Amino acid sequence: MPADIHAVAVSFVVSIDDEDLGAFNSCDGLGCEIVMEQREEGGNNGYVWQLPTRIKYSNVKLSRPLTEQSAKIADWFGSMASGIERKTATIEARTAEGKVIARWALVDVVPVKWSGPQLSLDSAKVAIETLELAHHGFLAPGSGG
């Protein structure tokens with residue numbers, strides 16, 4: 001068996017501050033990019049300056065079948081009516097045995113969108129919910145996240 005373990009069957013366990021939202025089947029959008037500005041210098045036709053300006057973080061989308069913990073997401077969205085409070089989120093990628101493979105801590109998290117399941121008597125599909133989070137970046141490992 002190789003020394004490093006690769007996650008094949010992974011779940012994503014999410015907590016907001018100290019509130020556990022449970023496990024999700026998929027996690028999409030963990031990433032960032034440096035926005036570049038191009039400047040042309042007069043008299044220099046050999047290249048265009050590429051200047052880094054800011055870091056842009058994409059929204060994170062998490063999906064899972066409906067669970068009893070789905071009510072926590074509804075409560076979180078409901079609390080936004082009295083004012084938006086940014087929180088810290090932790091996303092842990094775990095194996096089927098529960099071993100943490102990777103961890104990301106997101107700072108200044110706000111829930112952007114929740115999509116509930118499409119319910120129909122004509123279809124025997126699993127009821128899936130999707131949660132979308134906006135954030136202002138990643139916390140460094142060991143900094144409380």
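Position 1 is the first residue of the sequence, and the numbers go up from there. What you are looking at is a predicted structure, and each value in this text was computed from that prediction instead of being measured.
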Given the rule that I, L, V, M, F, W and Y join up when any side-chain heavy atoms are under 4.5 Å apart, are Ile34 and Val48 in one cluster? no
Between Trp114 and Leu106, is there a shared hydrophobic cluster once you connect ILVMFWY residues whose side-chain heavy atoms come closer than 4.5 Å? yes
Evaluate the side-chain proximity of Arg64 to Glu129: yes if any heavy-atom separation is below 4.5 Å, no if none is. yes
Step by step, work out the side chain to side chain contact (heavy atoms under 4.5 Å, CB included) result for Arg86 and His136. CA-CA 10 Å; Arg86 293 184 176 271; His136 282 162; 3.5 Å; yes
Can you find a heavy atom in the side chain of Phe138 that is under 4.5 Å from one in the side chain of Val107? no
Find the distance between CD (Glu85) and CH2 (Trp76) and round it off to the nearest 0.5 Å. 10.5 Å
Minimum heavy-atom separation for Leu30 and Cys27, please, with both atom names. CD1-SG, 3.8 Å
Remaining members of Trp49's ILVMFWY cluster at a side-chain heavy-atom cut-off under 4.5 Å? Tyr47, Leu51
Decide yes or no for Val14 and Thr90: does some side-chain heavy atom of the first lie under 4.5 Å from some side-chain heavy atom of the second? no
Just wondering, more than 12 heavy atoms not from Glu68 lying within 6.0 Å of its CD? no
Exactly one of Ile73, Val112, Val60 should register a side-chain contact (heavy atoms from CB on, under 4.5 Å) with Leu131. Which one does? Ile73
With rounding to the nearest 0.5 Å, note down the distance linking CZ in Arg94 to CD1 in Ile101. 11.0 Å
Which heavy-atom pair separates Met80 from Pro111 by the least distance, and what is that distance? CE-CD, 3.3 Å
Do Asp108 and His135 touch side chain to side chain, with heavy atoms closer than 4.5 Å? no
Find the distance between CD1 (Ile91) and OG (Ser15) and round it off to the nearest 0.5 Å. 9.0 Å
Considering non-hydrogen atoms only, spot the tightest contact between Trp104 and Ala93 and give its length. CZ3-CB, 4.0 Å
For the NZ atom of Lys56 and the CZ atom of Arg54, what is their distance to the nearest 0.5 Å? 9.5 Å
Closest heavy-atom contact between Cys32 and Tyr57? CB-CD2, 3.5 Å
Do Leu133 and Phe77 land in one hydrophobic cluster if side-chain heavy atoms of ILVMFWY residues count as linked below 4.5 Å? yes
Using a 4.5 Å cut-off on heavy atoms from C-beta on, say whether the side chain of Leu66 contacts that of Pro117. yes
Answer yes if Ile84 and Ile16 sit in the same cluster of Ile, Leu, Val, Met, Phe, Trp and Tyr residues linked by side chain heavy atoms under 4.5 Å apart, and no otherwise. yes
Taking side chain as C-beta onward, heavy atoms only, is Phe12 less than 4.5 Å from Glu92? no
Residue pairs fulfilling side chain to side chain donor-acceptor pair (under 3.5 Å) with at least one residue in residues 24-37, sequence neighbours excluded: Glu37-Arg39
Taking the side chain as everything from C-beta on, heavy atoms only, tell me whether Thr130 gets closer than 4.5 Å to Leu62. no
Asp18 atom CG, over 12 foreign heavy atoms within 6.0 Å: no
Excluding sequence neighbours, so at least two apart, what forms side chain to side chain contact (heavy atoms under 4.5 Å, CB included) with Asp17? Lys87, Thr88
Listed partners of Lys72 passing salt bridge (charged side-chain N to carboxylate O under 4.0 Å, His left out), at least two apart: Glu19
Looking at residues at least two apart in the chain, or sitting in another chain, which of them share a side-chain hydrogen bond (donor to acceptor under 3.5 Å, both in side chains) with Glu132? Asn59
Quick one: list whatever passes side-chain hydrogen bond (donor to acceptor under 3.5 Å, both in side chains) with Glu97, sequence neighbours left out. Thr95
